[in-house]
J.: 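To start, I am sharing the structure in question, which I have written as structure tokens.
Per chain, numbering begins at 1; letters A, B, ... match sequence-line order.
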Amino acid sequence: MSKVLDEKLTKMTLEEQKLWALRHTAEHILHTSLQNLYPKLKKAMGPATPDGFYNDFDFDEKITEADFEKIEKEMKRLINLDLPMIQEDVKIEEAKKIFKNNPYKLEWIDEIEKRGEKVSTYKMGDEEIDLCSGPHLNSTGEVKAFKLLSVAGAYWHGDEKNKMLQRVYGTAFYSQKELANYLYQIEEAKKRDHKKLGQELELFMFHNTSPGMPYWLPKGLTIYNELVKFWRIEHIKRGYQEIMSPILNKKELYITSGHYDHYWSEMFVAKTEDEGEYGVKAMNCPNAHIVFDHKNRSYRDLPLRLSDTDPLHRYERSGTLNGLLRVREFRQDDAHIYVSEDQIESEYKNVFEIVKKFYSIFDINYSFRLGTRNPENFMGDVKTWDKAEKTLNKILKESGIEYEILDGDGAFYGPKIDILMKDSLGRSWQMGTIQLDFQQPRRFKLQYIDKGGSLKTPIAIHRVIYGSLERFIGILIEHFAGNFPTWLTPVQVKILPLTERNLNYANSIFKKLRDDGIRVEIDERNETLGEKIRNAQMEKISYMLIVGDKEEKEKTISVRCRDGKSLENDSLEDFIRIIKKEIEEKLIN
RNA sequence: GCCUUCCUAGCUCAGUGGUAGAGCAACGGUUUUGUAAACCGUCGACCCGGGUCCGAUUCCCAGGGAAGGCUCCA
């Protein structure tokens, strides 16, 4: 067994290992079925995954979902035959002979030879033999429930320089019930999709005229602004100073920063008649460096924390755009912190504390990842990099934070710590990031005067907490399924007058709430109460205030919460107190 | 960018080689309502451009846009 796979399996529970073997077997059955149905098809590879399995193959004819029925039928046949799965180690030379017609397998065999590992094969009865490290079930009959899910194109080794193969995704379980449950979960997750909810709740939209660039509708912008407001208050408390700088910058700025060499092809460019090219800002750091440099700085100024939320544009490849989760226009809750070398550690701790504070408010799961030097795309010398990576490793370990390492994922100017979150479909997204940068300050010739009166170059920490506001809101929508906490929700209260007789009273309440800074709407339509409630429920309003003749006469309100429950208090003053307390408690504690 | 699929009214969806039908929404009227959909009526659409055809929303080609996927180890 290969080292990588071995490591992976040892991390799993026994239950997970069993499922892994099951799915690996199902994948093997899929491949054999494909091979039986389409003899000219060449298998490339096919692993089990946490959700199922997939199989990559090279085939000139197109397989589509319309073919699934036929393929599943063949898979069923192999399962019913209950063929034994027999593992056998073979010599390199022999393996090369067996798979001589399959260049993908031969490449794998070379790789195995290079690593000095054993070549393992599996036989499925007399039907088929395949290069495979296992583990597998003992026989095909043990696969009790499976389903093919989708087809896709996938590059060999994920590299677009290689040939594009076809991929079939599927999943398998030990029982039909588990399979049905899994499919149900997927359907449920789709209901939380931020793209769907964004439209239903009128939060944002996209338009053909600017793909990947969101239009923020009034309700979505309310959420956006609340997040920025909270960010601003918390950062002022922690000594950050906010700046704003040009969106268009001459090419020369990005030549200085190094982005011209490393990033220009992913930037939008604005051409001028006679002043050359301007780059549309894709990152904030170069402008922050300019601000640092506009006057003499002293060691007393450090750490100097410059924050901003300027709009950024990046020319992301069209196929990668994904609702709010990958866009071409966005804003970050960005900051650049200039520190002396001995301040790195304590400033990182400060940043981690902000992360903890921010994320705990939303009760979202997240994980850390350290990205190290990319050998093909980095600036500066290896020694400085090694030092920076060592520093980050040390800080993470001492903070007791669990993290994974992704080699080569650093920014071109320095290693970084990313914070990841998952969307409703379980896909991971990079949210916050904290990057250490020894390079750019040198290139910008940034300096400060230290205690002894000599000039020193500061170190820059680039950091975002939400990440991009756009992506963060996308994740939030899915996390809350549109049921935002009251402090964030676009409409906190909706007043539902029972009849037209109650409009005046309803409006007087509306004005009081609005004057008190509560986001309130009134449903003046000539509709039944049932319809008004249904409507407000679907808009996911936090509180509904129902006012009819009874309330009007007694000068009270009747409060219905989003979960269908009622509040006992029936005075407006009490209600205002309750809602304000709810908001404050969430943000302060 | 590449692969697959998709694009019909503001939204959700029908449907067809002879230019489309519904529900919700919107608008007008009736009703004046007690905790998730009152009733009647009106308005409103085949993503864009070519081609094939007597005729294209439907078939073909090109474009635009969207969704899922594109290194989880044989």
J.: On a heavy-atom basis, which atom in Trp429(A) and which in Asp423(A) lie closest, and how many Å separate them?
T.: NE1-OD2, 3.0 Å
J.: Take the protein atom CZ of Arg427(A) and the nucleotide atom P of rC70(B), then report the distance between them rounded to whole Å.
T.: 10 Å
J.: In this structure, how many angstroms lie between the C1' atom of rU32(B) and the CG atom of Leu496(A), rounded?
T.: 15 Å
J.: Between the base of rU35(B) and the side chain of Ser558(A), is there a donor-acceptor distance below 3.5 Å?
T.: yes
J.: Quick one: Arg525(A) CZ to rG29(B) C1', roughly how many Å, whole number?
T.: 17 Å
J.: What is the distance, to the nearest angstrom, from the CE atom on Met538(A) to the C1' atom on rG23(B)?
T.: 13 Å
J.: Test of understanding: with side chain to side chain donor-acceptor pair (under 3.5 Å), list the residues that count as partners of Tyr122(A), not counting sequence neighbours.
T.: none
J.: From CG of Leu498(A) over to P of rU32(B), roughly how many Å is that when rounded to an integer?
T.: 13 Å
J.: I need the His157(A) NE2 to Lys163(A) NZ distance, nearest 0.5 Å.
T.: 14.5 Å
J.: Does Arg373(A) make a cation-pi contact with Phe378(A) (under 6.0 Å, within 45 degrees of the axis)?
T.: yes
J.: Rounding to a whole Å, what distance do you find between Lys105(A):NZ and rC73(B):C1'?
T.: 11 Å
J.: Look at all strands and tell whether Met45(A) reaches a base, only sugar-phosphate, or nothing, counting heavy atoms closer than 4.0 Å.
T.: sugar-phosphate
J.: Just to be sure I understand the rule, does Ile109(A) reach a base, reach only the sugar-phosphate, or reach nothing, if contact means heavy atoms closer than 4.0 Å?
T.: nothing
J.: How would you label the contact of Ser150(A) with the nucleic acid (heavy atoms, under 4.0 Å): base, sugar-phosphate, or nothing?
T.: nothing
J.: My validator wants the stems of RNA chain B: runs of 3 or more consecutive Watson-Crick or G-U pairs, both distances under 3.5 Å, written as range with range.
T.: B:1-7 with B:64-70, B:10-13 with B:21-24, B:26-30 with B:38-42, B:49-51 with B:59-61
J.: Mind checking Ala48(A) for me? I need base, sugar-phosphate or nothing, with any heavy atom below 4.0 Å counting as a touch.
T.: sugar-phosphate
J.: Pick base, sugar-phosphate or nothing for Tyr169(A), based on heavy-atom distances below 4.0 Å to the nucleic acid.
T.: sugar-phosphate
J.: Under 4.0 angstrom, heavy atoms only, what part of the nucleic acid is Glu551(A) near: base, sugar-phosphate, or nothing?
T.: base
J.: Under 4.0 Å, counting only non-hydrogen atoms across every strand here, what does Glu531(A) touch: a base, just sugar-phosphate, or nothing?
T.: sugar-phosphate
J.: When you compare rG15(B) with rG21(B), how far apart are their C1' atoms, in angstrom units rounded to a whole number?
T.: 7 Å
J.: When the P atoms of rG69(B) and rC59(B) are considered, how many whole Å apart are they?
T.: 27 Å
J.: Is the terminal nitrogen or CZ of Arg23(A) (NZ for Lys, CZ for Arg) located under 6.0 angstrom from the six-membered ring centre of Phe173(A) and within 45° of that ring's axis?
T.: yes
J.: Expressed in angstrom and rounded to an integer, what is the separation of Leu149(A) atom CG from rU4(B) atom C1'?
T.: 14 Å
J.: Measure from the side-chain heavy atoms of Thr499(A) and tell me the nearest of rG34(B), rU33(B), rG68(B).
T.: rU33(B)
J.: Applying a 4.0 Å non-hydrogen cut-off, can you work out what Glu200(A) is touching in the nucleic acid: base, sugar-phosphate, or nothing?
T.: nothing
J.: Side-chain N or O of Asn208(A) less than 4.0 angstrom from OP1 or OP2 on rA66(B)?
T.: no
J.: Which nucleotide in the set rA74(B), rU33(B), rA36(B) lies at the smallest distance from any side-chain heavy atom of Arg501(A)?
T.: rU33(B)
J.: Does rG34(B) have OP1 or OP2 under 4.0 Å away from a side-chain N or O of Arg560(A)?
T.: no
J.: Report which part of the nucleic acid Thr320(A) touches: base, sugar-phosphate, or nothing (heavy-atom distance under 4.0 Å, all strands).
T.: base
J.: In whole angstroms, how far is the C1' atom of rG10(B) from the CE atom of Met205(A)?
T.: 11 Å
J.: Using a distance-only test with no angle check, is there a side-chain donor-acceptor pair under 3.5 angstrom linking Glu582(A) and Thr486(A)?
T.: yes
J.: Heavy atoms under 4.0 Å, any strand shown: does Lys532(A) hit a base, just sugar-phosphate, or nothing?
T.: nothing
J.: Can you run down the salt bridge (charged side-chain N to carboxylate O under 4.0 Å, His left out) pairs that involve residues 540-550 of chain A, sequence neighbours left out, and say none if there aren't any?
T.: Arg501(A)-Asp549(A)
J.: Would Asn502(A) and Thr499(A) count as having a side-chain donor-acceptor pair, cut-off 3.5 Å?
T.: yes
